[in-house]
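First listed ligand is number 1; within each ligand, the first listed atom is number 1.
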Amino acid sequence: MKTLPALLIGVCVSVAVVRAQGPGERIKDTAKAVGHGIKNTAKATGDAIEDALEPEPRARRVEVTLSDYAIAMPTELKPDYTAFVVHNGGKHAHNFEVQGNGSDKKFIKSVEPGKTKVLHVDLARGTYDVWCPVDKHADKGMRTTLKVR
Ligand SMILES: [Cu+2]
């Protein structure tokens, strides 16, 4: 229990800081800082903060069907802002990750069986690796390559 005194000092210091600032102020500042963090991160990476369920009107639609354990989708596409409409026809939850050209996108939460979600990716010329990042699904067959040209 060598760490206990250190821990107690830490707690006392934290309490002192809260007292000095006033608890309300501290909470408000923290909330503000956290809120900014989320907004800035989302803006900086261009990532959505929740998964889309509908394609954006400006996007080209590409249908994808996930199963246990395969990904059915085109393996060649022309460059375009793309809405992958991903349907899970399997009995297990799956995800869908598209990586290439410095971009790496996947759903924040897996697609449950019978459900459909939409992943928007701005596809440029090049080769993309596509796979399901859940457990060992990629090794079981849920991986493919997409050529954009
Ligand atoms: Cu999977």
Is the count of non-hydrogen atoms from other residues, nucleotides or ligands lying under 6.0 Å from E54 atom CD greater than 12?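 Incorrect, the count does not exceed 12.
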Heavy-atom neighbours of K117 NZ exceed 12 at 6.0 Å: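 Yes, because the 6.0 Å sphere around NZ of K117 holds more than 12 heavy atoms from other groups.
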If hydrophobic clusters are built by linking Ile, Leu, Val, Met, Phe, Trp and Tyr wherever their side-chain heavy atoms come under 4.5 Å apart, do F107 and M73 end up in the same one?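 Result: yes, single cluster for both.
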Please tell me if the side chains of H94 and Y69 come closer than 4.5 Å, counting only heavy atoms from C-beta onward.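 They are in side-chain contact.
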Using a cut-off of 2.8 Å, how many protein N, O or S atoms lie below it in distance from the Cu ion (ligand 1)?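 Of the protein's nitrogen, oxygen and sulfur atoms, 3 lie under 2.8 Å from the Cu ion (ligand 1).
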With no hydrogens and no angle check, do the side chains of T65 and H87 hold a donor and an acceptor under 3.5 Å apart?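 Distance-only check fails for T65 and H87.
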In Å and rounded to the nearest 0.5 Å, what is the CG to NE2 distance from L66 to H137?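 If we round to the nearest 0.5 Å, L66:CG and H137:NE2 are 10.5 Å apart.
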